[in-house]
Number of protein chains: 2
Amino acid sequence: MMPGMSAQQPTSLRERQKEDRKARIIAAAKSLFIKSGLEKITIEGIAEIAGVSSVTVHNYYGTKSGVLLALVAESDRELLATFDATLVGKADNLTDLIERFFTLICEHTQTHLDKAIWRQVISASICGVEPRFGKLYHELDNRLASTLIAEIERLKDEGRVPEAVNSTHLGWALFNLQNARFIEFISSDDTDQERCLLNLSHDLGALLPFMA
Amino acid sequence: MMPGMSAQQPTSLRERQKEDRKARIIAAAKSLFIKSGLEKITIEGIAEIAGVSSVTVHNYYGTKSGVLLALVAESDRELLATFDATLVGKADNLTDLIERFFTLICEHTQTHLDKAIWRQVISASICGVEPRFGKLYHELDNRLASTLIAEIERLKDEGRVPEAVNSTHLGWALFNLQNARFIEFISSDDTDQERCLLNLSHDLGALLPFMA
DNA sequence: CAAAAACTTTTAGTCTACTAAAAATTTTGC
DNA sequence: GCAAAATTTTTAGTAGACTAAAAGTTTTTG
């Protein structure tokens with residue numbers, strides 16, 4: 001199963017061409033970004049490299065942020081795969097879990113995407129000019145939080161987290177906490193991961209010790 | 001002491017004129033916003049009402065977001081005054097404190113500003129094109145969090161919060177938690193405060209009961 | 001009061017996202 | 001293969017943020 005493609009291959013030629021153009025557009029955006037950074041990504045530039053017109057880019061992705069979100073969504077799939085390989089079943093307490101989670105996300109951001117893209121995407125998700133956009137973005141958050149919740153369930157089964165807690169609520173609370181520090185992390189190119197991780201561990205240190 | 005004015009009155013005529021223009025600009029922005037919403041706020045429009053040129057608006061506030069941030073900063077002062085009157089000394093446990101805090105901020109937003117302005121400002125604080133901007137915004141956060149921390153200290157003195165916790169760390173953690181729900185609140189015009197408050201109380205419910 | 005300094009305004013552009021409508025092209029269904 | 005449908009492209013434009021530099025105005029300073 002290849003990420004990035006719909007489950008069943010499109011029947012009609014037209015559908016296939018559309019998929020192809022869409023893929024070329026995000027590939028173009030990626031290449032442009034890698035070559036010269038976010039400021040140099042323009043709809044026009046993307047269109048040229050992808051071999052379509054700028055109007056088509058708009059038709060497909062709505063806005064520039066829409067294109068960037070597609071980039072993020074793609075890398076999100078890889079991140080979830082990383083989680084399966086590196087996070088699931090590894091941590092043996094809540095603090096450890098959240099810190100691993102946070103670290104993986106930060107590292108993934110630095111290798112696969114870039115702070116600047118996240119800034120743009122999170123920004124757009126808050127400003128939310130587009131209706132689709134917010135929805136898509138929220139789905140990504142949902143998937144990440146679900147991973148966390150599943151791990152909390154496991155810790156509960158193993159007796160490392162009190163039975164009494166609501167895993168879903170705790171999962172979202174911790175996801176939000178961690179996300180606030182992630183936003184701190186991406187907000188400036190100069191903010192380093194270590195610093196944010198330390199802040200996160202202070203957060204957890206103030207909240208969690210009574211739980212054990 | 002009037003909010004919105006510097007402590008000492010400016011000596012030179014030039015300084016006074018500058019203050020006056022600045023004040024006219026944000027007053028113009030506010031009136032434009034109240035009349036027709038965020039989309040209708042343009043630098044040009046602000047300049048015209050304020051009786052200055054658009055270039056002057058840029059010189060003073062840098063960007064459109066800069067103007068909006070000034071609006072937020074102004075209302076922030078009122079919010080802190082509200083805190084003194086309505087929050088300080090009122091809560092008798094952590095959950096109650098955070099929920100009051102959150103509620104006051106939401107209500108203040110609805111009466112004094114607007115979700116749309118916050119969206120723009122938070123967005124800009126994340127995207128952070130401007131260096132000054134992020135700094136200013138962070139100061140607002142600092143002031144809000146400090147209020148929270150001071151209240152936590154009080155609860156600790158009253159023996160309602162364990163001595164062992166670090167008030168500063170706990171304060172920031174809870175501020176971040178609450179802020180995540182505030183961002184959820186402002187992200188869409190349709191999201192209602194009750195819903196977000198409920199989510200917040202779930203967050204707290206999952207994290208805090210073991211502390212008491 | 002006159003020269004200098006400090007600002008603001010005018011002017012003139014640039015840049016880029018985004019949109020609407022007509023024209024051209026290509027696939028599809030019969 | 002041909003008409004119809006779907007979709008892209010071309011074309012043309014708008015809007016609004018932001019900038020640089022010259023010109024004009026007002027305050028300051030001696």
Side-chain angles (χ1 to χ4, degrees), chain A residues 9-25 28-29 32-33 36-71 116-117 120-121 123-124 127-133, chain B residues 9-25 28-29 32-33 36-71 116-117 120-121 123-124 127-133:
Chain A
Q9 61 176 254
T11 53
S12 75
L13 172 56
R14 240 168 203 155
E15 292 300 312
R16 252 174 296 141
Q17 289 175 321
K18 227 179 251 187
E19 286 305 312
D20 188 51
R21 273 188 221 107
K22 274 184 144 178
R24 258 153 47 211
I25 288 169
L32 257 182
F33 179 79
S36 24
L38 186 65
E39 319 85 74
K40 285 284 142 66
I41 300 187
T42 69
I43 302 276
E44 202 93 12
I46 293 171
E48 196 172 346
I49 294 179
V52 297
S53 79
S54 65
V55 177
T56 297
V57 177
H58 273 111
N59 283 340
Y60 283 160
Y61 292 103
T63 64
K64 182 174 168 177
S65 304
V67 178
L68 298 183
L69 179 62
L71 243 58
I117 289 185
Q120 211 75 21
V121 168
S123 225
C127 257
V129 201
E130 283 217 285
R132 301 179 289 196
F133 191 102
Chain B
Q9 64 176 252
T11 53
S12 76
L13 173 56
R14 234 160 211 162
E15 291 301 313
R16 252 175 295 141
Q17 289 175 321
K18 227 179 249 187
E19 286 305 313
D20 188 50
R21 274 188 222 107
K22 275 184 141 177
R24 257 153 49 212
I25 288 169
L32 258 182
F33 179 79
S36 24
L38 186 65
E39 319 85 75
K40 285 283 143 62
I41 300 186
T42 69
I43 302 276
E44 202 93 12
I46 292 171
E48 196 172 347
I49 294 179
V52 296
S53 79
S54 64
V55 177
T56 297
V57 177
H58 274 110
N59 282 340
Y60 283 161
Y61 291 103
T63 64
K64 183 175 167 177
S65 304
V67 179
L68 298 184
L69 180 61
L71 243 58
I117 289 185
Q120 210 74 21
V121 168
S123 224
C127 260
V129 202
E130 283 216 284
R132 300 180 289 197
F133 192 102

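In this text, all values refer to a predicted model and were calculated from it rather than measured experimentally. Quick note on labels: first sequence line is chain A, next is B, and so on, each numbered from 1.
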Where protein sits on nucleotides 18-30 of chain D, one letter per nucleotide: B base, S sugar-phosphate only, - none, heavy atoms under 4.0 Å: BBB-----BBS--

According to the side chain to side chain donor-acceptor pair (under 3.5 Å) rule, which pairs have a member within residues 46-58 of chain A, sequence neighbours left out?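 Qualifying pairs, neighbours excluded: A:Ser53-A:Thr56.
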
Would you classify A:Ser53 as touching base, sugar-phosphate or nothing, given that sugar-phosphate means primed atoms plus P, OP1 and OP2, and contacts are heavy atoms under 4.0 Å? base

Sugar-phosphate only, base, or nothing, as touched by A:Ile41 at under 4.0 Å among non-hydrogen atoms: sugar-phosphate

Which heavy atom of A:Ser36 sits nearest a heavy atom of A:Glu39, and at what distance?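 Reported closest heavy-atom pair: O-OE1, 4.4 Å.
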
Please name the pair of heavy atoms, one in A:Ile46 and one in A:Ala29, separated by the smallest distance, quoted to 0.1 Å. CD1-CB, 3.9 Å

Heavy atoms from C-beta onward define the side chain here; which of D:dT7, C:dC7, D:dG16 lies closest to that of B:Arg21? C:dC7

List in chain and number order the residues that pass side chain to side chain contact (heavy atoms under 4.5 Å, CB included) with B:Thr42, two or more places apart in sequence or in another chain; answer none if no residue qualifies. B:Glu44

Extract all donor-acceptor atom pairs below 3.5 Å that involve side chains of residues 60-71 of chain A and protein atoms in other chains or at least two apart in sequence.
unit_1	atom_1	unit_2	atom_2	d
A:Tyr60	OH	A:Arg21	NH1	3.0
A:Tyr61	OH	A:Lys22	O	3.2
A:Thr63	OG1	A:Ser65	N	3.3
A:Thr63	OG1	A:Gly66	N	3.1
A:Lys64	NZ	A:Ile41	O	2.8

In chain order, what residues pass the side-chain hydrogen bond (donor to acceptor under 3.5 Å, both in side chains) check against A:Asp20, with sequence neighbours excluded?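 Scan of A:Asp20 (side-chain hydrogen bond (donor to acceptor under 3.5 Å, both in side chains), adjacent residues dropped) gives A:Arg24.
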
Round to the nearest Å and state the distance from [X] atom [atom1] to [N] atom [atom2].
X: A:Lys22; N: D:dT7; atom1: NZ; atom2: C1'; answer: 14 Å
X: B:Glu48; N: D:dA17; atom1: CD; atom2: C1'; answer: 17 Å
X: A:Leu38; N: C:dC15; atom1: CG; atom2: P; answer: 18 Å
X: B:Gln120; N: D:dA17; atom1: CD; atom2: P; answer: 10 Å
X: B:Tyr61; N: D:dA17; atom1: OH; atom2: P; answer: 16 Å
X: B:Asn59; N: C:dT9; atom1: CG; atom2: P; answer: 9 Å

Separation between CD of B:Gln17 and CD of B:Glu15, rounded to the nearest 0.5 Å: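 Taking CD in B:Gln17 and CD in B:Glu15, the distance rounds to 10.0 Å.
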
So, is A:Tyr60 near the phosphate of D:dT8, with a side-chain N or O under 4.0 Å from OP1 or OP2?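 A:Tyr60 to D:dT8 OP1/OP2: side-chain N or O found under 4.0 Å.
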
Take A:Thr56 and B:Glu39, find for each the nucleotide of DNA chain D with the closest heavy atom, and name the residue whose nucleotide sits nearer the 5' end.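 Of the two residues, A:Thr56 wins.
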
